[in-house]
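Below, chains carry the letters A, B, ... as their sequence lines are ordered, and counting in each starts from 1.
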2 protein chains.
Amino acid sequence: MAANLDEIDWAIIEQLQREARISLSELGRRVKLSSSATTERVRNLESLGIITGYHAAVDLAKVGYPVLAVVRLKYPGNRHQPLRRLVAERREILECLRTTGDDCYTLKIAATSMGHLESLVDELAGFGSTTTSVVYSHTLPYRGPDRP
Amino acid sequence: MAANLDEIDWAIIEQLQREARISLSELGRRVKLSSSATTERVRNLESLGIITGYHAAVDLAKVGYPVLAVVRLKYPGNRHQPLRRLVAERREILECLRTTGDDCYTLKIAATSMGHLESLVDELAGFGSTTTSVVYSHTLPYRGPDRP
DNA sequence: GTTGAAATATATGACGT
DNA sequence: ACGTCATATATTTCAAC
């Protein structure tokens with residue numbers, strides 16, 4: 001499953017994780033490769049599904065979501081479809097991880113207010129018992145994996 | 001703190017959240033604005049810190065991190081500096097949220113193996129008691145906030 | 001993987017609305 | 001605040017090596 005990536009592939013990945021909007025020629029300059037070779041490598045990383053996309057990051061508070069929370073959900077039974085549907089519909093749910101352990105799901109939720117968060121948690125509580133923690137702060141800037 | 005964003009701003013943000021590498025002229029076409037006006041708006045969103053960056057997303061398993069885990073950390077006391085230092089150093093820690101509740105920190109960690117995860121958790125356990133859940137699967141593709 | 005040239009697309013700024 | 005147009009520049013692409 002894991003791909004074989006050399007040093008240059010990793011340099012490309014690191015640059016694009018940091019600054020995804022640079023041109024392929026600029027990227028080539030940074031990783032010391034011609035723009036043709038760079039283009040080919042990037043296309044390859046994309047088509048192998050190693051790079052899965054390029055996304056703008058936004059300041060949640062500034063776009064109207066000042067409340068961020070982590071909600072853990074205990075989910076008795078094995079009928080996961082209804083929850084999946086809710087999660088797919090509610091765009092406020094930014095991330096949904098299914099995990100081992102007592103809490104089957106860990107969700108990251110952005111809300112416009114505590115009242116909004118409350119109503120979202122109420123919806124989730126229909127599926128199982130929830131534990132909600134409000135986030136004080138991100139202690140890290142954006143970060144992706146580096147060469148193992 | 002929250003900015004006033006109109007429909008077009010949101011259209012721009014949505015397009016860039018989905019596909020951050022499109023050119024400003026292509027973006028202008030999509031949001032039905034001239035490239036000059038689009039450029040100005042994007043620069044504005046960036047300089048106001050509404051858009052904070054553009055990042056490539058990678059498949060963690062394919063780049064050598066097949067194990068993803070959520071680790072919660074109870075952190076007695078208030079000397080947070082040593083933990084912050086560890087978090088900043090260890091690139092395997094992809095996210096670190098400080099939260100309300102019994103668990104002061106929730107971390108998302110990518111590891112190359114269960115053994116690797118174990119050693120990371122051991123390091124964290126030096127700071128307080130940990131609860132680790134291994135992630136089976138992401139149930140959502142990348143997603144950002146939309147217009148509230 | 002490189003180089004170089006041609007075709008294309010893009011960014012930029014001035015001007016009018 | 002936005003559109004249009006013209007210009008300068010950068011980028012992509014496709015050869016041949």
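Applying the side chain to side chain contact (heavy atoms under 4.5 Å, CB included) criterion to B:Ser119, with sequence neighbours excluded, gives B:His116. Checked against ring-ring contact (aromatic ring centres under 6.0 Å, His included), B:Tyr65 has no partners two or more places apart in sequence or in another chain. Annotation: side chain to side chain donor-acceptor pair (under 3.5 Å) contacts of A:Glu118 (sequence neighbours excluded): none.
By the 4.0 Å N-to-carboxylate-O rule, B:Arg30 lies close enough to B:Glu19 to be salt-bridged with it. Salt bridge status for B:Arg41 with B:Asp6: present, with a side-chain N to carboxylate O gap under 4.0 Å. Taking a cutoff of 4.0 Å between a charged side-chain nitrogen and a carboxylate oxygen, B:Arg98 and B:Asp103 do not qualify as a salt bridge. A:Asp9 has no carboxylate O lying under 4.0 Å from a charged side-chain N of A:Arg147, or vice versa, which leaves the two without a salt bridge.
Bracketed by its first and final contacts, the part of DNA chain D lying under 4.0 Å from non-hydrogen atoms of chain A reaches from D:dT11 to D:dC14 in 5' to 3' order.
The stretch residues 4-26 of chain A touches DNA chain D through A:Ser23, A:Leu24, A:Ser25, each having a heavy atom under 4.0 angstrom from the strand. The stretch residues 34-56 of chain B touches DNA chain C through B:Ser35, B:Ser36, B:Arg43, each having a heavy atom within less than 4.0 Å of the strand.
Side-chain atoms of B:Glu95 and A:Tyr142 include no donor-acceptor pair closer than 3.5 Å.
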Can you check salt bridge (charged side-chain N to carboxylate O under 4.0 Å, His left out) on B:Glu40 and B:Arg43, steps first, answer last? CA-CA 5 Å; B:Glu40 200 182 332; B:Arg43 300 268 177 270; over 6 Å; no

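Distance A:Arg29 CZ to C:dT2 P: 14 Å, rounded to the nearest Å.
Transitive grouping of hydrophobic side chains (ILVMFWY, heavy atoms separated by less than 4.5 Å) brings A:Val63 and B:Val31 into a common cluster.
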